[in-house]
Protein chains: 2
Amino acid sequence: MGDRTVLLVDDHPVVRAGYRRLIEMQPGYCVIAEADSASAAYLAYRRAPADLVIIDLTMPGTSGLEGIRRIKAVDRKARILVFTMHDGLSYALKAFEAGASGYVTKSSPPEALISAMEQICHGGKAVSDDIAREIAAERLLGRRSAVEGLGPREVEILKLIASGMTTEEIADALSLSQKTIQNYHSAIKAKLDARTDARLVRIAIDAGLIDLSPADVA
Amino acid sequence: MGDRTVLLVDDHPVVRAGYRRLIEMQPGYCVIAEADSASAAYLAYRRAPADLVIIDLTMPGTSGLEGIRRIKAVDRKARILVFTMHDGLSYALKAFEAGASGYVTKSSPPEALISAMEQICHGGKAVSDDIAREIAAERLLGRRSAVEGLGPREVEILKLIASGMTTEEIADALSLSQKTIQNYHSAIKAKLDARTDARLVRIAIDAGLIDLSPADVA
DNA sequence: GGGTCGGCTGGGAGATTTTCCCGATCTTGC
DNA sequence: GCAAGATCGGGAAAATCTCCCAGCCGACCC
């Protein structure tokens, strides 16, 4: 049995059952393990490295991104396919930065998952159509998610602002004067055409700059 | 065939396959239709009313909540079970307001879905353990999601603030003076212990006050 | 009826923040 | 060396926020 082995990672048992069914209907693949968290996935991979890891991003506890990093840290050749509901481009980019070889959204037809699996097992990379379209749209239309018009320092400060920190806290954290933070704050609002701080937060969230899942409101 | 008929609504084909497998392994149930959107679910229900509708909340296009309302509008006796990834209490409350009979999170074990189905088909209501715990915690610890300490007008204005509207726009929308909005704004920040508008937005999002999915930044 | 309580609506005034303009410094590339 | 651009911060006027206050209205209870 030259079947390719698969490690399935998702925190929803019912969803895992769906994956498993779909994958095992496909000749040439065999699910050798399941995990319901990123840390469990890491342990499972160390115990028995699968040829392919299929992992969700949003899970309780350690995030899927962190899970990808850890697995890649112990095995640089690991092939990891992200299969998630998030259709935001920023999520996909983060996944690739973390070391994923593929990104398929759950809205995609099952065939997309299968073909991405094939692609990746042959050493390639794969993204689902919706993400590919977003990449194309960004390139063509220049919709660089707005925040791309900002400098690195501005993005950094925007993140802190959107996370709920006060001017004083940010100034303290970055060892700058409050005046500087205020000036950045104004400049960022002007550049992003946000007349309100609330809109700033929305933009930051849309751009994937902040996590917003747990209570990371420091 | 005295089987109870089930209509399955979820925008992810793979996930639907998982549900279907799980449900049909259970004696006494038969999936008679699937739908990948709230509007398709509505049409499917009109065509053939199932004994039980299992529906997700987050779907492209019309939301699951709206789908629930529409189905209940044509058939007040419809039994609807929400099966979703959202574990926030606010989502569950909205679902019940819309007319759902049950709310089970996808993090629950498969048995939770089955027992909720049984419960509902016998005319009862059901929530999964995590939601039940949240309800209990709220009751016991008084963690009324913070925003519950606000008056109705305050909540209304908080929503508008968090959606990104300026003081002037809000005053105009509600036909109030800007001064009144400013006073509410300050009072809300004080009550929620938010020193920053950004934190206000986070609180509003956590409380489920705003949608945040599409660009609903008016 | 009279009374109290709480929510809604806004004024006033001082403190605070925002905004816009400016200059200094430092790196980077040519 | 020099121009360009990012970073850092001052100054001052404009705008906003905060806090205190008061009138109004409906609910509720003697």
Side-chain angles (χ1 to χ4, degrees), chain A residues 142 144-205 207 209-210 217-218, chain B residues 90 93 138 142-205 207 209-210 217-218:
Chain A
R144 321 214 36 165
S145 88
V147 296
E148 304 304 326
L150 272 47
R153 202 84 238 239
E154 289 170 330
V155 172
E156 185 179 7
I157 291 174
L158 171 57
K159 279 202 279 195
L160 298 181
I161 292 172
S163 80
M165 289 170 73
T166 64
T167 299
E168 187 179 358
E169 288 166 346
I170 297 172
D172 195 54
L174 300 182
S175 296
L176 295 176
S177 84
Q178 293 191 223
K179 192 71 229 288
T180 300
I181 304 301
Q182 284 180 354
N183 282 335
Y184 271 107
H185 198 327
S186 288
I188 292 169
K189 277 165 78 172
K191 283 195 183 181
L192 297 182
D193 194 33
R195 309 219 303 301
T196 280
D197 280 357
R199 236 184 279 244
L200 226 45
V201 177
R202 297 299 216 86
I203 292 173
I205 292 174
L209 258 46
I210 50 185
V217 183
Chain B
S90 57
L93 294 178
E138 172 173 300
R143 286 202 279 99
R144 322 216 34 169
S145 88
V147 295
E148 304 302 327
L150 272 46
R153 203 87 238 240
E154 289 170 329
V155 172
E156 185 179 7
I157 291 173
L158 171 58
K159 279 202 279 195
L160 299 179
I161 292 172
S163 80
M165 289 170 72
T166 64
T167 300
E168 188 180 356
E169 289 166 346
I170 296 172
D172 195 53
L174 299 182
S175 297
L176 293 176
S177 84
Q178 294 190 222
K179 193 75 231 287
T180 300
I181 304 302
Q182 283 182 358
N183 282 336
Y184 270 108
H185 198 326
S186 289
I188 291 168
K189 278 165 78 171
K191 284 194 183 181
L192 296 182
D193 195 31
R195 308 219 300 301
T196 281
D197 280 357
R199 236 183 278 244
L200 226 44
V201 177
R202 298 301 215 83
I203 293 174
I205 291 174
L209 258 46
I210 52 187
V217 183

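Here is how names work: the chains are called A, B, and so on, in the same order as the sequence lines, proteins then strands, and each is numbered from 1. Just so we're clear, the structure is a prediction, and the values are computed from it rather than from any experiment.
- Comment: A:Lys189 engages A:Asp197 in a salt bridge, judged by a side-chain N to carboxylate O separation of less than 4.0 angstrom.
- Distance CD (A:Glu169) to P (C:dT17): 12 Å, rounded to an integer number of Å.
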Review item, nucleotides 25-28 of chain D N/O atoms under 3.5 Å of protein N/O:
none

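- Partners of A:Ser177 by side chain to side chain contact (heavy atoms under 4.5 Å, CB included), not counting sequence neighbours, listed by chain and number: A:Lys179, A:Thr180.
- Between B:Leu176 atom CG and B:Asn183 atom CG the span is 11.0 Å, to the nearest 0.5 Å.
- For the atom pair A:Asp193 CG and A:Ile203 CD1, the distance stands at 8.0 Å (nearest 0.5 Å).
- Atom-to-atom distance recorded for A:Thr196:OG1 and B:Ile170:CD1 is 7.5 Å, nearest 0.5 angstrom.
- Pairs passing the salt bridge (charged side-chain N to carboxylate O under 4.0 Å, His left out) check and including a residue from residues 157-167 of chain A, sequence neighbours excluded, do not occur.
- Ion pairing between a basic and an acidic side chain is recognised when a charged N comes within 4.0 Å of a carboxylate O; A:Arg195 and B:Glu169 show such pairing.
- Between A:Arg199 atom CZ and C:dT18 atom P there is a gap of 17 Å when expressed in whole angstrom units.
- Within the helix from C:dG1-D:dC30 to C:dC30-D:dG1, the inter-axis angle between the opening and closing five-pair segments is 40°, rounded to 10°.
- Not a single side chain to side chain donor-acceptor pair (under 3.5 Å) links A:Gln182 to another residue, sequence neighbours left out.
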statement: Expected string for nucleotides 10-19 of chain D under the B/S/- scheme (protein heavy atoms, under 4.0 Å, primed atoms plus P, OP1, OP2 as sugar-phosphate) is BBB---SBBB
Identify the pairs formed between an N or O of the protein and an N or O of nucleotides 4-7 of chain C at a distance under 3.5 Å, and give each distance.
none

Collect all protein-nucleotide pairs involving nucleotides 24-27 of chain C in which both atoms are nitrogen or oxygen and the distance is under 3.5 Å.
none

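- Residues A:Ala198 and B:Ala162 approach most closely at CB-O, 3.9 Å, considering heavy atoms.
- What you find for A:Arg202 and B:Ser163 is that their closest heavy atoms are NH2-CA, 3.9 Å.
- Here A:Thr167 pairs with nothing under the side chain to side chain donor-acceptor pair (under 3.5 Å) rule; sequence neighbours left out.
- Residues passing the side chain to side chain donor-acceptor pair (under 3.5 Å) test with B:Glu156, sequence neighbours excluded: B:Arg153.
- The two residues B:Ala194 and B:Arg199 have their closest heavy-atom pair at CB-CB, 4.0 Å.
- Remark: C1' of C:dG10 and CD1 of B:Ile157 are 12 Å apart, rounded to the nearest angstrom.
- Rounding to whole angstrom units, CD1 of residue A:Ile181 and C1' of C:dT18 are separated by 15 Å.
- Atom CG in A:Leu176 sits about 17 Å away from atom P in D:dA6, given to the nearest Å.
- Rounding to the nearest 0.5 Å places CD1 of A:Ile161 at 4.5 Å from CD1 of A:Ile188.
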- request: Apply side chain to side chain contact (heavy atoms under 4.5 Å, CB included) to the pair B:Leu160 and B:Ile181, showing each step before the final yes or no.
  value: CA-CA 10 Å; B:Leu160 299 179; B:Ile181 304 302; over 6 Å; no
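- Atom CD of B:Glu168 and atom P of C:dT18 are 18 Å apart (whole Å).
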